[in-house]
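Naming: A, B, ... by sequence-line order, numbering from 1 per chain.
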There are 2 protein chains.
Amino acid sequence: MARRSDHSREQIKEMALQATEKILIEQGLAGLSTRKVAAAIGYTAGSLYLVFENLEDLLLHVNVRTLEKLFQTLQGSANDCPEVQTCLRNMALAYITFAKDHPNLWSAIFERQWQNEMPDWYNDKIAHLFQLVEDKFQQLLPEARTDKVAQAVRAYWCGVHGVCMLGLTGKLDAISDHSTEELSNTLIDNFLFGLTSKKESRDD
Amino acid sequence: MARRSDHSREQIKEMALQATEKILIEQGLAGLSTRKVAAAIGYTAGSLYLVFENLEDLLLHVNVRTLEKLFQTLQGSANDCPEVQTCLRNMALAYITFAKDHPNLWSAIFERQWQNEMPDWYNDKIAHLFQLVEDKFQQLLPEARTDKVAQAVRAYWCGVHGVCMLGLTGKLDAISDHSTEELSNTLIDNFLFGLTSKKESRDD
DNA sequence: ACATTAAATTAAACATCGTTTAATTTGTCA
DNA sequence: TGACAAATTAAACGATGTTTAATTTAATGT
């Protein structure tokens with residue numbers, strides 16, 4: 001075996017990931033290209049294909065890192081809160097804050113239409129995130145059936161994500177300028193109130 | 001003045017819009033290109049720039065048509081319902097159904113990161129859609145302050161959109177397979193219940 | 001120490017893209 | 001009929017993701 005440079009495959013992989021993240025942060029998904037990434041790490045576009053399947057694969061690895069950071073943030077916001085409702089409130093706000101702080105990284109996860117379906121190691125990270133919310137809902141609804149909790153988790157998640165998406169892409173500002181945080185609280189509070197008030201209702 | 005073909009500017013515009021829509025439906029946003037559109041209407045890519053600013057402008061015009069269709073659908077679902085809650089339920093379901101029926105047209109509205117901010121004639125169409133929901137909320141909360149209604153509309157809209165987005169892009173299937181419609185109902189019902197139960201609560 | 005060999009890396013090619021430019025066709029009017 | 005202007009195109013430009021063949025590099029066997 002022989003290699004010209006003193007970078008191992010893993011090193012190149014790491015360098016490429018960091019370079020991609022930097023470009024993504026500074027120029028957004030539209031400003032990302034294989035040649036830019038390669039130039040940033042002193043290599044050529046072709047070399048990236050030795051380490052990643054293609055640009056989509058590279059981007060997927062950056063996204064999973066973003067998901068990990070998001071996980072840390074959400075976990076931190078889910079700890080010291082007296083009531084479960086407060087936790088779920090805070091986690092939503094933490095999600096929104098994260099998206100605002102890292103708009104390009106965050107939207108890189110959703111902006112793209114992926115060719116292949118997500119690999120397992122990626123879906124696992126998302127499940128990891130869901131688990132964080134699910135724990136709280138199990139605490140909130142201790143006697144509820146498993147699938148009811150799962151349903152609540154998804155509804156919550158969709159709501160928060162919707163606020164984030166429409167809020168950050170400015171699709172709401174055209175109409176009014178309510179803050180995204182207020183919107184999130186309105187949605188969560190009312191949803192949770194409804195959920196905890198009529199635990200026994202059957203409507204399906 | 002002289003023109004080679006017997007197509008007026010308006011005709012070409014219309015032809016291009018229809019061709020774009022067809023390509024979008026069949027091949028998705030990733031399969032769309034100026035050359036394809038031009039070829040489909042028997043012209044050359046350059047000719048499109050006589051009629052549209054650029055591809056983004058062309059796509060925007062297709063999207064506004066999609067919004068108009070969506071408006072018709074929502075309006076239809078908002079008519080014959082005994083209770084307001086039922087209307088809001090149905091409108092959400094209609095939105096989801098529309099997105100499922102026209103997945104590529106629907107996601108073309110959101111998948112792309114736009115260079116320029118939306119023109120007024122586009123934002124107006126969105127406001128038009130919001131109005132449809134706002135009417136129902138005003139009916140639901142006749143005594144509420146205007147901004148509270150506006151807030152509720154946005155929360156509702158974000159929730160529904162979030163369900164749609166995460167549901168259609170398959171970001172939820174990785175975890176469980178609850179139907180998108182059930183999810184929508186869970187979110188809406190609980191949110192509305194919370195909203196109508198504690199009308200007088202103050203928490204901001 | 002040197003030739004061999006295989007891996008690492010690149011340069012170049014390919015097909016495509018959005019957009020702009022100059023060239024060409026076309027129809028109308030003096 | 002000839003001149004002019006609008007309509008349309010062909011071609012060019014710079015850029016993209018990806019693949020290929022060529023080249024460089026370092027370790028190995030002798």
Side-chain angles (χ1 to χ4, degrees), chain A residues 1-17 19-24 26-63 104 108 111-116 119, chain B residues 1-17 19-24 26-63 104 108 111-116 119:
Chain A
M1 311 159 206
R3 41 184 68 111
R4 189 203 71 167
S5 178
D6 36 12
H7 296 125
S8 73
R9 265 174 143 83
E10 282 310 312
Q11 280 175 320
I12 294 183
K13 207 164 185 171
E14 180 60 31
M15 288 159 60
L17 285 173
T20 304
E21 195 175 61
K22 187 158 182 273
I23 294 172
L24 222 47
E26 292 170 354
Q27 313 184 40
L29 189 55
L32 181 68
S33 79
T34 54
R35 288 178 173 84
K36 276 188 195 170
V37 174
I41 65 174
Y43 279 82
T44 290
S47 291
L48 292 177
Y49 291 81
L50 206 74
V51 171
F52 295 100
E53 283 186 35
N54 46 33
L55 182 64
E56 180 154 319
D57 184 37
L58 169 56
L59 186 58
L60 214 55
H61 281 81
V62 173
N63 284 346
N104 285 341
E111 260 172 23
R112 193 176 175 108
Q113 49 179 6
W114 306 92
Q115 309 233 358
N116 311 312
Chain B
M1 309 160 207
R3 41 185 68 112
R4 191 201 70 167
S5 179
D6 37 10
H7 296 125
S8 73
R9 264 174 145 85
E10 284 308 313
Q11 280 176 319
I12 295 184
K13 206 164 186 170
E14 180 60 29
M15 288 159 61
L17 285 173
T20 305
E21 195 175 60
K22 186 156 182 274
I23 295 173
L24 221 47
E26 291 170 354
Q27 313 184 38
L29 189 56
L32 181 69
S33 78
T34 55
R35 288 178 173 85
K36 276 188 195 169
V37 174
I41 65 175
Y43 279 83
T44 291
S47 291
L48 292 177
Y49 291 81
L50 207 75
V51 173
F52 296 100
E53 284 187 34
N54 47 33
L55 183 64
E56 180 152 320
D57 184 37
L58 169 57
L59 187 58
L60 214 54
H61 281 81
V62 173
N63 284 346
N104 285 341
E111 260 172 23
R112 190 172 177 116
Q113 47 180 6
W114 306 92
Q115 309 232 359
N116 310 312

**OP:** Please report, rounded to the nearest Å, how far the P atom of C/dG18 is from the NZ atom of B/Lys36.
**Re:** 9 Å
Original post:
Given atom CG of A/Leu50 and atom P of D/dT18, what is their separation to the nearest angstrom?
Top reply: 15 Å
Subject >> Presence of B/Tyr43 side-chain N/O under 4.0 Å of D/dT8 phosphate oxygens OP1/OP2 >> reply: yes
**OP:** Tell me, yes or no, whether the heavy-atom count around B/Glu26 atom CD, taken from other residues, nucleotides or ligands under 6.0 Å, exceeds 12.
**Re:** yes
Original post:
To the nearest angstrom, how far is A/Leu59 atom CG from D/dT18 atom P?
Top reply: 11 Å
Original post:
Rounding to a whole Å, what distance do you find between A/Gln27:CD and D/dA15:C1'?
Top reply: 14 Å
Subject >> Between CZ on residue A/Arg112 and CG on residue A/Leu32, distance to nearest 0.5 Å >> reply: 8.0 Å
Original post:
How do A/Ser47 and B/Ser33 order along DNA chain C: which one's closest nucleotide is nearer the 5' end?
Top reply: A/Ser47
**OP:** Figure out the CD1/P separation between A/Ile12 and C/dA8, and round it to whole Å.
**Re:** 9 Å
Original post:
Side-chain N or O of B/Arg35 less than 4.0 angstrom from OP1 or OP2 on C/dT19?
Top reply: no
Original post:
Taking only N and O in the side chain of B/Arg9, is any of them less than 4.0 Å away from OP1 or OP2 of D/dA7?
Top reply: yes
Subject >> For A/Ile23, the option from A/Val62, A/Asn104, A/Val37 that meets side chain to side chain contact (heavy atoms under 4.5 Å, CB included) >> reply: A/Val37
Subject >> Contact under 4.0 Å: B/Thr34 side-chain N or O vs C/dC17 OP1/OP2 >> reply: no
Original post:
Mapping A/Gly31 and A/Gly46 to their closest nucleotides on DNA chain D, which lands nearer the 5' end?
Top reply: A/Gly31
Subject >> Sugar-phosphate only, base, or nothing, as touched by A/Leu58 at under 4.0 Å among non-hydrogen atoms >> reply: nothing
**OP:** Would you mind telling me which of A/Leu48, A/Thr44, A/Thr20 makes a side chain to side chain contact (heavy atoms under 4.5 Å, CB included) with A/Thr34?
**Re:** A/Leu48
Subject >> Any donor-acceptor pair under 3.5 Å from A/Glu111 side chain to B/Gln113 backbone >> reply: no
**OP:** Take the protein atom CG of B/Leu32 and the nucleotide atom P of C/dG18, then report the distance between them rounded to whole Å.
**Re:** 7 Å
**OP:** Grab the CG-P distance between B/Asn54 and C/dT20 for me, whole Å please.
**Re:** 8 Å
**OP:** Could you tell me whether the phosphate oxygens of D/dT8, OP1 or OP2, come under 4.0 Å of any side-chain nitrogen or oxygen in B/Thr44?
**Re:** no
Original post:
What integer distance in Å separates A/Ile23:CD1 from D/dT16:P?
Top reply: 10 Å
